[in-house]
There are 2 protein chains.
Amino acid sequence: MGEEKIILALPDNKDRNAINAALRQSGYSVIQKRSGQDILDSIVEDIPEIILMHADLPKVDGWQVCEKLKEDQLLQKIGIILCCDDAHESDIIRGFELGADEVFDANVSARELVARTQALSRRLQIAKNLIKIRDLEIELDAHRVLKDGKTIDLTYIQFKLLYLLASRRDNIFSRSEILERVWGKKVYVTNRTVDVHIKRLREKLGEIRYPSQYIQTIHGVGYRFM
Amino acid sequence: MGEEKIILALPDNKDRNAINAALRQSGYSVIQKRSGQDILDSIVEDIPEIILMHADLPKVDGWQVCEKLKEDQLLQKIGIILCCDDAHESDIIRGFELGADEVFDANVSARELVARTQALSRRLQIAKNLIKIRDLEIELDAHRVLKDGKTIDLTYIQFKLLYLLASRRDNIFSRSEILERVWGKKVYVTNRTVDVHIKRLREKLGEIRYPSQYIQTIHGVGYRFM
DNA sequence: TAATAATGGCATACTAGTTGCAAAGCTACA
DNA sequence: TGTAGCTTTGCAACTAGTATGCCATTATTA
């Protein structure tokens, strides 16, 4: 799925390795940087989901990194977590004003840091209407589906159908429900047509080789995405 | 893509070659000059993106080059990086006052120098409303499009259309959205007209040989630039 | 075995691509 | 200012391509 990339820029200390390890453990692909300048240089080519950095970095400090990122259309969307030594209220407010998503004291435990990072990725995903399920990524706004990072071309109806099912995993949708939600109330189309679309969707998702990997048939009831 | 030109004027030492090589490595086209006068002479014909020079140059020194450049409307836009031996605070302030974009000690590493150069080009691009996408360069201010460094003549509408699409890559624009943004709210023009303009734009961008290299059709939805 | 689902094929409807043309706009020159 | 010649633009008509819905057939499930 293209693991989520996170840039980690913290001063040398015992925690840094712990945090690095914990983030990797949670499935992030971690890239470590030393200075603010290093961060700015590296993101030109490769935009990460989140930057987790200390406020006091050499060359360009964390505050300045925030400012730079918010100036740029493409980089605005990166989530920013900022740690300060002895964070006072004024620091925290300043951080938020500069566009950071989280600002807090560097004394916080590695565990909490990871938890906050995960919470932030979740929030960012929701903001983008992005659904990630195993090796699938479904982007509502971009009207795009990626499997293993590769684009799958879906037609209009196929996309709507997939998005409906995936937006409430485990929920069983009856055919009439699907018809109403995908085609709209007024349109009148046979129930059986849903089957055909499910079939076409399954094909494109590659369910021939691994049957029912994504879409499960509930005999006599409907379909569900799992 | 019209490689970015950079003028390099540093005194002879082991670093100069390293910096030269590193800049070329990063895709710049490097032109070396000896004296401040050489720099001034050469830029009349061929304006570089950036001048990276030492403050102590023979004939005309770096400080004077800064002054000259900032006097000239056309040359103002060139980015200037100035290195000083034993840079004191007063030097640094003087450099910025004379219009340099970066001033620092000549002891800095080649790697950092390159990183700063790249950061400066990025800044300059944003300031010029320049969009670079693969072999395309779109300059809003100059109302110009280059492909592989060669100008492509676009009509007014074609340019607006391209700029709209390219300014938000990956975003899908519906035909009505395009109409509103390119033609304005009041004008009433058929949706189908957008297709015709897309076709003409594609032709000029050379999409006959490589279909959908730039502009992708999303059936039933709209178009997007990728 | 009866009901339900999956599948393949096909006609149709819809959407996008393409072309030619006329009108409007622009430029240069007398 | 007028006019000839060129470019740009919008549209309609046509062609090409794609998506969709349904039916008939086969497979699966309870």
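In what follows, chains carry the letters A, B, and so on, assigned in the order in which the sequence lines appear, proteins first and then strands, with residues in each chain numbered from 1.
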Looking at [N], I'd like to know if its phosphate oxygens (OP1 or OP2) sit under 4.0 Å from a side-chain N or O belonging to [X].
X	N	value
Trp183(A)	dT20(D)	no
Thr190(A)	dC22(D)	yes
Tyr223(A)	dT4(C)	no
Thr193(B)	dC11(D)	yes

Donor + acceptor pair across side chains of [X], [Y] (<3.5 Å):
X	Y	answer
Arg16(B)	Asn20(B)	no
Tyr28(B)	Thr117(B)	no
Arg202(B)	Thr217(B)	yes

Task: Distance-only donor-acceptor test (3.5 Å): side chain Arg200(A), base dG8(C) - done: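 Check fails, no donor-acceptor contact within cut-off.
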Heavy atoms from C-beta onward define the side chain here; which of [options] lies closest to that of [X]?
X	options	result
Thr155(B)	dT9(D), dA16(C), dT7(C)	dT9(D)
His219(B)	dG17(C), dA6(C), dA16(C)	dA16(C)
Val189(B)	dA5(C), dC22(D), dC11(D)	dC11(D)
Arg175(B)	dA6(C), dC22(D), dA16(C)	dA16(C)
Ile157(B)	dG10(D), dA19(D), dC22(D)	dG10(D)
His197(B)	dG8(C), dG17(C), dG10(D)	dG10(D)

Open item on the list: Would you call the rings of His197(B) and Trp183(B) parallel, tilted or perpendicular, taking 30° and 60° as the class edges?
Closed with: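 It falls in the perpendicular class, over 60°.
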To the nearest angstrom, how far is [X] atom [atom1] from [N] atom [atom2]?
X	N	atom1	atom2	result
Glu207(A)	dA5(C)	CD	P	17 Å
Asp195(B)	dG10(D)	CG	P	13 Å
Leu201(B)	dT8(D)	CG	P	13 Å
Leu179(A)	dG21(D)	CG	C1'	11 Å
Ile218(B)	dA16(C)	CD1	C1'	13 Å
Arg224(B)	dA16(C)	CZ	P	14 Å
Gln216(A)	dA5(C)	CD	P	13 Å
Arg192(A)	dT4(C)	CZ	P	9 Å

Open item on the list: Just to verify, which of Val114(A), Ile7(A), Leu113(A), Leu120(A) counts as forming a side chain to side chain contact (heavy atoms under 4.5 Å, CB included) with Leu52(A)?
Closed with: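 Exactly one candidate clears the test, Leu113(A).
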Open item on the list: Here's a test of your reading of the structure: between Leu154(B) and Val196(B), which maps to the more 5' nucleotide of DNA chain D?
Closed with: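 First, find each residue's nearest nucleotide; the 5'-ward one identifies Leu154(B).
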